2 protein chains.
Amino acid sequence: MAIKKDPAAGTPASGRRAPGRRAGDHGRYGRLSRERVLATALELVDREGLSALSMRRTGAELGVEAMALYRYAAGKDALLDGLVEALYTQLEEQLAASAEAPDWRDELHRIAAATYRVALDHPHVAPLLATRMLAVPLARRPLAVLRDHERILALLKRAGLDEEATVMAFRAVTGWVLGYVLGDLRAMVDNPDEPEPAFRLGLHRMPARELPCLRAAAPTLARPGAPEGLAAGLDALLDRFVPGTGPATG
Amino acid sequence: MAIKKDPAAGTPASGRRAPGRRAGDHGRYGRLSRERVLATALELVDREGLSALSMRRTGAELGVEAMALYRYAAGKDALLDGLVEALYTQLEEQLAASAEAPDWRDELHRIAAATYRVALDHPHVAPLLATRMLAVPLARRPLAVLRDHERILALLKRAGLDEEATVMAFRAVTGWVLGYVLGDLRAMVDNPDEPEPAFRLGLHRMPARELPCLRAAAPTLARPGAPEGLAAGLDALLDRFVPGTGPATG
DNA sequence: AAGTGTACATATACGTCGTAAACGTATGGT
DNA sequence: ACCATACGTTTACGACGTATATGTACACTT
């Protein structure tokens, strides 16, 4: 210990701190912050899966005791919500990286595709998109999540839908994107070391007599659906839930 | 407690036993069995939520030590998979309760509706439908799950699709059903004791300037989508993914 | 320069968790 | 009468979430 603080570390009110620089860190690598905590947790989950995430482990990754995290996340559940927030923040960055589409329909496609990309980039976090939404009520969701909802609702309104129809379409769009993403993340491979496809999938475990279609379909099923399937379904749903936008070829 | 064994249950030495009743239960309520374990776990989760489920707690509900469960489920994960299995088993019971539809499309609707009902009947278990599928590879899923997949694939094949198109449509159907169900299970109410709808939803927590559409839509959003929305979306997707079945009016 | 409040991180402790390993004990077959 | 087997218990260990109490170093007074 006893790495002493640098007197040039800056005034606390101004909040100045150089990255990798120690200020009031008791001799550690740098001050903690919500951002740093969430980034570390995300990294840990990406690397080792959700079950590896614990307060103690996350603290250790930061060179800090577990209890120190409680200043930046009220508890473990809040940490999980933080991961969801981190994902939606990445989504917003992705959306900001390319230009907004002028057409509402194209813009919905752009959002869906970006969501798909972000979710597949963090497969271990994606299940939280389903589970945490069931645990935390709308008004308490991270702001980044609410902004995503707002974007979609606004686009549908712009398409000319009234309140009721907007909500219907919203349900369709969000449900579809979530379901499709989760579907593409489903585990298929049983034995990764096996070169032979059928063995890789563990098809010998499935009773052939009872499950002929499934066994036949499994290899095709094992290839991810890709964003094309997502877009196709989205179009199908929009055709139905946004009247007057005729089937596709317009 | 401490209900002792019935002396009429059979003399231990002679081994005489009533039909359907086994001895060897150490003076407890009855032998353990996988069915009994899963039923108890399901009941516990329905009553107190997923986080209340632990090996010890489940054992206690059965009047048994936690380790006793390991004979019927290899570990906690296997217990969770058992819950998924239990839900799909209920689905099969529901499907068996009414007649199979002659038309493949109607039958898909029947399956979707039954899935929706079962999931909403066990809201605390439903998230497992998303998460466990990511953890356990296709070939290792409970048989009831695989049979569900088989049913859907067979119906789509019957609709005249080739292998590739079948899988596309399968992805669409299952993704949609899952996403829609999870969407309908999302928590909306923030303060259940509050009579005023806006306060109930906690809308005052949401920045009005930044989220106008969401605030306006929230009350409508709070009403569940109902099976009608599920059916509408399903039709939309089938129209797209099963060619030659034209929009609706056939 | 000394003192003080506050923000931040640690230390300690408690109860619960999943589960490995070893151990009874009753049962059914011989 | 004996034994193998099936079934449940006991004991133990390390990891977990987190309440509470305890430092410790900074910025701001005075």
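Remember, it's a predicted structure, so these values are computed and weren't measured experimentally. Just so we're on the same page: letters track the sequence lines, and every chain starts at 1.
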For the pair made of [atom1] in [X] and [atom2] in [N], what is the distance, rounded to whole Å?
X: A:Arg34; N: C:dA7; atom1: CZ; atom2: P; result: 18 Å
X: A:Tyr70; N: D:dG17; atom1: OH; atom2: P; result: 7 Å
X: A:Leu79; N: D:dC16; atom1: CG; atom2: C1'; result: 14 Å
X: B:Arg71; N: C:dA20; atom1: CZ; atom2: C1'; result: 14 Å
X: A:Leu62; N: C:dA9; atom1: CG; atom2: P; result: 10 Å
X: B:Lys76; N: C:dA20; atom1: NZ; atom2: P; result: 15 Å
X: B:Leu32; N: D:dA6; atom1: CG; atom2: C1'; result: 12 Å
X: A:Asp77; N: D:dC16; atom1: CG; atom2: P; result: 16 Å

Quick one: does [X]'s side chain have a donor or acceptor within less than 3.5 Å of a partner on [Y]'s backbone?
X: A:Glu150; Y: B:Cys213; answer: yes
X: B:Arg200; Y: B:Pro192; answer: yes
X: A:Trp176; Y: A:Leu230; answer: yes

Exercise. Of the nucleotides C:dT10, C:dC8, D:dA6, which has the atom closest to the B:Arg31 side chain?
Worked result: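 In terms of side-chain proximity for B:Arg31, the closest of C:dT10, C:dC8, D:dA6 is D:dA6.
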
Problem set entry | Listed nucleotide nearest any side-chain atom of A:Glu65, set C:dG18, D:dG8, C:dT10 |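 Of the candidates, C:dT10 comes closest.
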
Exercise. Can you pull the side chain to side chain donor-acceptor pair (under 3.5 Å) pairs that have at least one residue in residues 133-148 of chain A, sequence neighbours excluded?
Worked result: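 Side chain to side chain donor-acceptor pair (under 3.5 Å) check on residues 133-148 of chain A returns A:Glu92-A:Arg147, A:Arg140-B:Asp190, A:Arg147-B:Glu210.
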
For this session: By nearest nucleotide on DNA chain D, pick out whichever of A:Met67 and A:Ser51 is the more 5' one.
Result: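 This one resolves to A:Ser51.
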
Exercise. What are the two closest heavy atoms between A:Arg34 and A:Tyr72, and how far apart are they?
Worked result: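 Looking at all heavy atoms of both residues, the shortest contact is NH1-O, 2.9 Å.
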
Is the shortest side-chain N/O distance from [X] to OP1 or OP2 of [N] below 4.0 Å?
X: B:Arg56; N: C:dT16; answer: no
X: B:Tyr72; N: D:dG8; answer: yes
X: A:Ser54; N: D:dC16; answer: yes

